[in-house]
Student: 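Got a structure for you, written out below as structure tokens; questions coming shortly.
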Amino acid sequence: MAALIPDVNDVRVNALFSFSKEFGQDATVCVCAPGRVNLIGEHTDYNEGYVLPMALPMITVIAGKSNNTTKCKIISLSDAISLERDVEFSTSKEDLKAGEPKWANYVKGCIANFPCTVPGFDAVILSTVPVGAGLSSSAALEVATYTFLEKLTGRVSKKQEEKALACQRAEHEFAGVPCGIMDQFISVMGQEDHALLLDCRDLSTKQIPMYDINEFLFLITNSNTPHKLSSSAYCERRDACYEAAKVLGKKSLREATLDDLQVLEIQKMPEYVVKRARHVITEIQRTVDAAAALEKDDFTKFGELMNQSHDSLQKDYEVSSVELDTLVSSAREVKGVLGSRLTGAGFGGCTVTLVRKDAVNEVIDVIKKRYPGKATFYIAKPAGGARYMSTDIAKSDFDSDIENA
Ligand code: ADP
Ligand code: MG
């Protein structure tokens with residue numbers, strides 16, 4: 001069966017209880033930020049194209065309180081980092097330096113990029129976003145931290161874009177990961193039953209409604225094979241894209257069209273460069289078309305575009321793997337599946353499948369039969385972005401919706 005995603009309110013209550021247990025006081029601030037899955041638009045971000053992610057019901061919650069000192073003491077209750085769960089450091093910007101434990105660098109980066117002085121505080125972190133699975137536990141941690149600091153200091157970002165960009169800088173500067181902008185944008189801006197169309201050229205966004213989403217589900221399947229593209233494989237693909245744009249005299253492949261592929265052939269560009277360019281040019285168009293399909297409530301078309309995206313990533317961009325191809329082809333055997341594709345940079349990590357609600361168990365059964373490894377399943381519907389949560393344990397978190405960040 002699919003992993004049950006813990007109820008958001010249960011995670012909140014657990015975090016509040018844990019804070020009281022660890023610090024002997026009640027938390028006065030509680031916030032959360034979600035992980036994400038990209039539905040379509042892969043390897044388009046560094047080509048100034050579009051991406052179309054949705055926020056997940058898996059969240060990172062931070063509960064805490066000012067401690068009237070100049071230091072913060074934070075405990076992450078994640079199993080994945082059980083060795084060094086406690087960290088203590090000065091919140092003064094001059095003192096902040098990347099170091100050990102590594103997970104605290106994401107928090108330090110947010111404090112360093114926060115627009116005002118951050119007082120000392122105590123906090124616990126509790127997350128249901130799987131760590132390192134490609135569902136962006138890192139952005140969930142950054143955006144939750146930043147949201148926590150907003151509530152703690154009363155310095156709330158006027159623009160959501162600024163908040164997302166500050167969190168991205170935190171990851172660049174303190175964790176040393178040169179990530180794109182998608183993860184932080186969707187973790188900040190996610191809306192229930194919506195995907196987010198993000199233009200990576202000018203960072204404009206559009207909320208895309210999923211009207212009939214109650215008939216469908218997204219099944220996320222973790223191949224449990226490492227999701228990292230090796231940096232040389234990633235650089236080869238990125239450089240091929242930049243080279244193709246240069247030969248075409250364009251700033252990026254965003255400005256190229258399918259006709260330009262012939263120009264590349266006439267210029268005798270190597271075949272792999274033409275293939276990389278073909279993926280990017282067609283994927284940017286597919287992402288725009290996918291958003292338009294959702295706006296017309298056309299989930300069938302959306303599913304077809306997901307399938308085409310995977311096939312292009314497999315054949316032209318060559319970033320799929322035997323494991324991901326097996327997950328995708330198994331899912332597509334089931335009648336109620338509208339589309340299935342790898343999600344993330346490739347070579348491992350997760351697939352995402354759009355499936356009719358009543359067929360989801362059959363998909364899981366077929367994958368279990370066909371997939372030689374051990375897959376993990378998550379069933380999701382588009383969820384909300386970063387928000388404040390109630391600190392009242394007795395209250396259901398529904399009551400705090402009015403407090404949304
Ligand atoms: P992904 O974002 O795909 O999950 P990354 O490698 O980008 O994978 O980020 C994972 C890292 O983020 C972890 O190794 C850890 O340093 C940090 N992290 C994420 N969630 C938590 C958490 N709940 N507590 C502590 N660190 C976390
Ligand atoms: Mg990450």
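First listed ligand is number 1; within each ligand, the first listed atom is number 1. In what follows, residues are counted from 1 in the order of the sequence shown.
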Student: Against Arg201, only a single residue in Asp199, Leu203, Leu198 fulfils side chain to side chain contact (heavy atoms under 4.5 Å, CB included); can you say which?
Tutor: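 The option that passes is Asp199.
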
Student: Please determine if Glu318 and Arg276 form a salt bridge, counting it only when a charged side-chain N lies under 4.0 Å from a carboxylate O.
Tutor: yes

Student: Return yes or no for this condition: an N or O of Ser76 is under 3.5 Å from an N or O of ligand 1.
Tutor: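 Between Ser76 and ligand 1 (N or O atoms, distance only) the closest approach is under 3.5 Å.
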
Student: Whether the side chain of Thr145 engages the backbone of Cys110 through a donor-acceptor N/O pair (distance < 3.5 Å, no angle test) should be reported.
Tutor: no

Student: Verify the distance test for Ser136 against the Mg ion (ligand 2): any N/O/S atom under 2.8 Å, yes or no.
Tutor: no

Student: Distance under 4.0 Å to a non-hydrogen atom of Gly134: what atoms of ligand 1 satisfy this?
Tutor: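 Those qualifying, in numeric order: 3 (O).
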
Student: Which ligand 1 atoms are under 4.0 Å away from a heavy-atom of Ser127?
Tutor: 23 (N)

Student: Does Val352 offer a backbone N or O that forms a donor-acceptor pair with the side chain of Thr343 under 3.5 Å?
Tutor: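 Flag not set: sc Thr343 to bb Val352 has no pair under 3.5 Å.
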
Student: Check whether any N or O atom of Val131, backbone or side chain, sits under 3.5 Å from an N or O atom of ligand 1, and answer yes or no.
Tutor: no

Student: Going by the order shown, which atoms of ligand 1 are within less than 4.0 Å of some heavy atom of Trp103?
Tutor: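 Checking each atom against Trp103, I get 15 (C), 16 (O), 25 (C), 26 (N).
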
Student: Taking 4.0 angstrom as the limit and counting only heavy atoms of Leu135, give me the atoms of ligand 1 inside it, by number and element.
Tutor: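 In order of number, 3 (O).
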
Student: Just wondering, are more than 12 heavy atoms of other shown residues or ligands nearer than 6.0 Å to NZ in Lys93?
Tutor: yes

Student: Treating Arg12 as the side-chain partner and Val8 as the backbone partner, does any N or O pair qualify as donor plus acceptor under 3.5 Å?
Tutor: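 Not a single qualifying donor-acceptor pair exists.
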
Student: May I ask which of Ser138, Ser137, Ala133, Gly35 has a heavy atom nearer to atom 7 (O) of ligand 1 than the others do?
Tutor: Ser138

Student: Is there a donor-acceptor contact under 3.5 Å from the side chain of Asn47 to the main chain of Gly49?
Tutor: no

Student: One residue to check: Leu141. Relative to ligand 1, which of side chain, backbone, both or neither has a non-hydrogen atom less than 4.0 Å away?
Tutor: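 For Leu141, the contact with ligand 1 is made by the side chain alone.
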
